[in-house]
Amino acid sequence: MGAEEREMAVDTAETGETGGNSGPGDTARATRPDRTGVLIAGALLAVCGGLVLYGVLDTADKPGKPPVPTAAVTYEVTGKGTADIAYQGRSEGGTATVDRAVALPWKKTVQVPLGRPPLVSITLGEKGGQASCSLAVRGEHVQTASAYGRFGRATCQAEPASPKPSGAAG
């Protein structure tokens, strides 16, 4: 093997090319890193970042629980003096609202969730007296009760209201 052939073999081993026609640009191409993987990784990173940013910036209101249907209930307490009055209102958890030492007469219309029993309870004070409670569901009288004397109590309660039959006027 001559000197020229040995030099060609060394060139071929360094560049990984076969044949004797290697030019000056071929060596640079052989040592340049492959950018395809870097471009794909960058594109994936940009897509993931966009999705995260969309989730953070998406301020549209999410649909919540649908409103609980209710029925109009009118509570009324008649008498003289004062009484503590507890009544079921809009609370979905079933807790009552309590108004203390209310001057009588008293009347209130509230929305009670369907499935919850409308209820009004009165407790007279230390001075006693007489008071009556009544309740109406959707304008229909349901019950009346009376309390007498010191710390007298009375409660008016109805069955839970049910949805109106379809076709019934509001």
Side-chain angles (χ1 to χ4, degrees), residues 31-170:
T31 59
R32 189 174 351 156
D34 187 3
R35 293 186 182 146
T36 306
V38 173
L39 290 174
I40 291 173
L44 286 173
L45 185 62
V47 168
C48 290
L51 289 173
V52 168
L53 190 59
Y54 175 76
V56 169
L57 295 179
D58 184 22
T59 58
D61 291 337
K62 305 286 185 236
K65 290 186 346 184
V68 175
T70 60
V73 175
T74 301
Y75 300 119
E76 187 170 7
V77 179
T78 57
K80 293 183 181 176
T82 62
D84 292 344
I85 303 170
Y87 58 94
Q88 173 68 43
R90 189 160 183 83
S91 168
E92 293 175 33
T95 58
T97 300
V98 179
D99 293 343
R100 303 218 179 264
V102 176
L104 301 180
W106 174 90
K107 184 176 184 178
K108 188 165 208 155
T109 299
V110 297
Q111 296 295 318
V112 175
L114 298 182
R116 294 277 180 205
L119 170 103
V120 61
S121 174
I122 56 175
T123 303
L124 300 175
E126 190 174 318
K127 294 181 182 177
Q130 176 184 357
S132 296
C133 63
S134 65
L135 74 91
V137 177
R138 294 184 181 124
E140 289 187 40
H141 176 75
V142 177
Q143 187 178 33
T144 301
S146 296
Y148 302 94
R150 270 180 88 190
F151 302 109
R153 295 175 178 253
T155 300
C156 293
Q157 183 173 354
E159 291 296 317
S162 58
K164 287 184 177 184
S166 59

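Here the structure is a predicted model, which means the values were calculated and not measured. Along the sequence shown, the residues carry numbers beginning at 1.
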Which pair of non-hydrogen atoms, one from [X] and one from [Y], has the smallest distance, and what is that distance?
X      : Y      : value
Leu104 : Gly79  : CB-O, 3.6 Å
Gly89  : Val110 : CA-CG2, 4.0 Å
Val68  : Pro113 : CG1-CB, 3.8 Å
Pro160 : Gly115 : CB-C, 3.5 Å
Ser132 : Ser146 : OG-OG, 2.8 Å
Val73  : Val112 : CG2-CG2, 3.6 Å

Q | Qualifying residues under ring-ring contact (aromatic ring centres under 6.0 Å, His included), relative to Tyr75, sequence neighbours excluded | A | Tyr87

Interatomic spacing from [atom1] in [X] to [atom2] in [Y] - rounded to 0.5 Å:
X      : Y      : atom1 : atom2 : value
Gln130 : Leu124 : CD    : CG    : 9.0 Å
Asp84  : Ile122 : CG    : CD1   : 10.5 Å
Glu76  : Ile85  : CD    : CD1   : 10.5 Å

For residues 135-143, which side-chain donor-acceptor pairs fall under 3.5 Å, sequence neighbours excluded?
residue : atom : partner : partner atom : Å
Arg138  : NH1  : Ser162  : O            : 2.9
Arg138  : NH2  : Ser162  : O            : 2.9
His141  : NE2  : Thr144  : OG1          : 3.1
Gln143  : OE1  : Gln157  : N            : 2.6

Q.
Are Arg150 and Lys127 packed together at the side-chain level, in the sense that at least one heavy-atom pair is separated by less than 4.5 angstrom?
A. no

